**Student:** 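Right, I'll just put the structure down here and ask away after.
Quantities reported herein were computed from a predicted structural model and do not represent experimental measurements. Below, chains carry the letters A, B, ... as their sequence lines are ordered, and counting in each starts from 1.
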Amino acid sequence: MRIYNTLSGKKEEFVPLESGKVGMYACGVTVYDYCHIGHARSAIVFDVISRYLRYRGFDVKFVRNFTDIDDKIIRRAEEEGIAWDEVARKYTEEYYRDMDALGVARADVEPKATEHIPEIIAMVKTLLAKGYAYQVDGDVYFEVRRFPGYGKLSKRSMDEMMAGARVEVDERKRDPLDFALWKSSREGEPAWDSPWGPGRPGWHIECSAMSIKHLGETFDIHGGGADLIFPHHENEIAQSEASTGKPFVRYWIHNGFITVSREKMSKSLGNIFTIREILERFDPEVVRVFLLSTHYRSPVEYSEEQLLEAEVSVNRFYSTVMRIDGYLARMPDRERVTPEEAVLRELLGGFRTGFEEAMNDDFNTALALGQMFELLRELNRYLDSRPSGQGARGLVKEGVERLREAGRVLNIFQRSPRQWHLSLLKTKGIPLTEEEIERRIAERQEARKARDWQKADSIRDELLKRGIVLEDTREGTLWRVRVGTEA
RNA sequence: GGCGGCGUACCCAAGUGGUUAAGGGAGAGGUCUGCAAAACCUUUAUGCGCCGGUUCGAAUCCGGCCGCCGCCUCCA
């Protein structure tokens, strides 16, 4: 398995610290607002990585934190007129609502900064004792120049950073790039007792303290959005390695951004799409497929058109499963072998390997999805050739099972066609129940029996107008929700 | 200004030295169908931003140019 390591700037063979085990840490969110699609991407990327590592048999310990104390939270609390910890509690809940909907699994450990104050204080003490930090009034700063490797992740020298930086001059800092390990709190702000007076942790220190506590001083994978490379992860490396004297992380993984009109989606540009508003119009599985259709390190342009295309893709899977279910239910037992069988067998034989090769190559989900659609097409081709018997049944079932197995890693394709369509009815706000649709289909069947094509077609048109597409098959009339841009 | 990345068909997108450049969407034609829909088939890049170079051979490596983006400031 090869992973692109931001630290080395290339793909490297993945060798965990301890054979068969993987410790991984992903930077979570600061809980002060609703999550947007960019947070969703990061969460889904590391969700899939952890799922794939487990699929490959690794014993994975996955840690993803919540930053629940921070200046932004304090500011938000003032705006909303509620306590800071209430803000954190509220947006943690909202985070779970969005991420659960998107099928992002809980991490094994989900530590919060406020629950690790002793560990943070201990680390700051160590850094002071080792001479990597200094105290000014009630603040403690990390002295960047004391750490020789500073800049190795973001690949910049300190002089380069100084040249272009518009760093606010804080007279109390020995160097403008020094960053806060501990910040003194003003009257009324949340504060914890410390050897330096009442205060709160700086942003970067929590991730160092929590990852080391839960994964050890050196661990395998650390990740997050590409915008965390500098300064967040650079600072984490400095603090951690200065404090422990050991290498901090073996593989740094960073996901690319979501863009809108080719620009990075960000609060300051005001071009944010929240997960919530997207899920009002698209099924979560559609969002996952949309995001996983592009390699995790590449930028993804947010586009409703592309989401609609992803919707068509997902529908293609469920339509095929629906077709297979109907086909198998009425398939004769008489063995009928067709020439297409050989092609399907060959594709099926190499599918798992192909999927793993794609995922082994720096988690190439886009390629993996391509292979899944290739198999899907071959399954349809096979059915078109109208095979029958136990052999055919086994082959078709194996095909679906392979797709579902690969789908489990990406956490897509796990529902029944019925669940998919019922969910679409809800998402698209179609005020029809399954029973009502079935009743109309039965009425239409009567008309069709009587060869009253006009009436049959009018029922079909009426349903179509309401977003329901009917498909007459040998196995009866099936319904599905209209997807994509079809109108 | 410094550093990093990207540019593959109408759209999205995989591919980083060697069989016919994956896959999805859209369009066109066809098979099937009462008609549709779905599915399948054919079709849409002798070419991968442009110009050179290395090589028996390059989308893939090297150099230059053009265009776009990100980081250097909170940010997934």
**Student:** When the ring centroid of A:Tyr25 is compared with that of A:His222, is the distance short of 6.0 Å?
**Tutor:** yes
**Student:** Any N/O pairs under 3.5 Å between the protein and nucleotides 21-25 of chain B? List them or say none.
**Tutor:**
residue	atom	partner	partner atom	Å
B:rG23	OP1	A:Arg377	NH1	3.4
B:rG24	O2'	A:Ser313	OG	2.9
B:rG24	N2	A:Glu309	OE1	2.7
B:rG25	O2'	A:Glu309	OE2	3.1

**Student:** Determine the Euclidean distance between corresponding C1' atoms of B:rU42 and B:rC32; express it in Å to zero decimal places.
**Tutor:** 15 Å
**Student:** Salt bridge (charged side-chain N to carboxylate O under 4.0 Å, His left out) with A:Asp47: which residues, sequence neighbours excluded?
**Tutor:** A:Arg51, A:Arg288
**Student:** Answer yes or no: does a side-chain N or O of A:Trp203 lie under 4.0 Å from OP1 or OP2 of B:rC75?
**Tutor:** yes
**Student:** Check every atom of B:rA76, B:rG34, B:rU16 against the side chain of A:Asp361 and return the nucleotide holding the closest atom.
**Tutor:** B:rU16
**Student:** Measuring to OP1 and OP2 of B:rG2, would you say a side-chain N or O of A:Lys155 lies under 4.0 angstrom away?
**Tutor:** no
**Student:** Expressed in whole Å, how much space separates the P atoms belonging to B:rG67 and B:rG29?
**Tutor:** 41 Å
**Student:** Could you point out which residue of A:Arg281, A:Gln306, A:Arg316, A:Lys428 forms a side-chain hydrogen bond (donor to acceptor under 3.5 Å, both in side chains) with A:Glu311?
**Tutor:** A:Lys428
**Student:** What residue among A:Asp362, A:Thr6, A:Asn255 forms side-chain hydrogen bond (donor to acceptor under 3.5 Å, both in side chains) with A:Arg297?
**Tutor:** A:Asp362
**Student:** A:Tyr91 and ring pair (Phe, Tyr, Trp, His ring centres under 6.0 Å): which partner among A:Tyr32, A:Tyr96, A:Tyr34, A:Phe66?
**Tutor:** A:Tyr34
**Student:** For the C1' atoms, the ones on B:rG63 and on B:rU44, what distance do you get once it is rounded to whole angstrom?
**Tutor:** 35 Å
**Student:** Where the side chain of A:Pro231 is concerned, which of B:rA76, B:rC74, B:rA36 is the nearest nucleotide?
**Tutor:** B:rC74
**Student:** For Watson-Crick and G-U wobble pairs within 3.5 Å on both distances, what is RNA chain B written in dot-bracket notation, | included for inter-strand pairing?
**Tutor:** ((((((((.[[[..)..(....]]]((((((.......))))))....[[[[[..)....]]]]])))))))....
**Student:** With sequence neighbours left out, write down each residue that passes ring pair (Phe, Tyr, Trp, His ring centres under 6.0 Å) with A:Phe147, or none if nothing qualifies.
**Tutor:** none
**Student:** So which one's nearest nucleotide on RNA chain B is more toward 5', A:Gly28 or A:Ser261?
**Tutor:** A:Ser261
**Student:** Between B:rC68 and B:rA26, how many Å separate the two C1' atoms, rounded to a whole number?
**Tutor:** 25 Å
**Student:** Would you call A:Arg377-A:Asp384 a salt bridge at under 4.0 Å N-O?
**Tutor:** no
**Student:** Is A:Phe257 stacked on the base of B:rG70, with ring centres under 5.5 Å apart and planes under 30° apart?
**Tutor:** no
**Student:** If you compare every side-chain N and O of A:Asn364 against the phosphate oxygens of B:rG15 (OP1, OP2), does one of them come in below 4.0 Å?
**Tutor:** yes
**Student:** Using the P atom as the point on both nucleotides, what is the distance between B:rC40 and B:rG24, in whole Å?
**Tutor:** 8 Å
**Student:** Which residues pass the ring pair (Phe, Tyr, Trp, His ring centres under 6.0 Å) test with A:Tyr141, not counting sequence neighbours?
**Tutor:** A:Tyr134
**Student:** Taking the nucleotide of RNA chain B with the nearest heavy atom to each, does A:Ser42 or A:Arg262 sit closer to the 5' end?
**Tutor:** A:Arg262
**Student:** With a cut-off of 3.5 Å and sequence neighbours excluded, list every side-chain donor-acceptor pair involving residues 341-355 of chain A.
**Tutor:**
residue	atom	partner	partner atom	Å
A:Glu341	OE2	A:Arg345	NE	3.0
A:Glu341	OE2	A:Arg345	NH2	3.1
A:Arg352	NE	A:Glu405	OE1	2.8
A:Arg352	NH2	A:Glu405	OE1	3.3
A:Arg352	NH2	A:Glu405	OE2	2.8

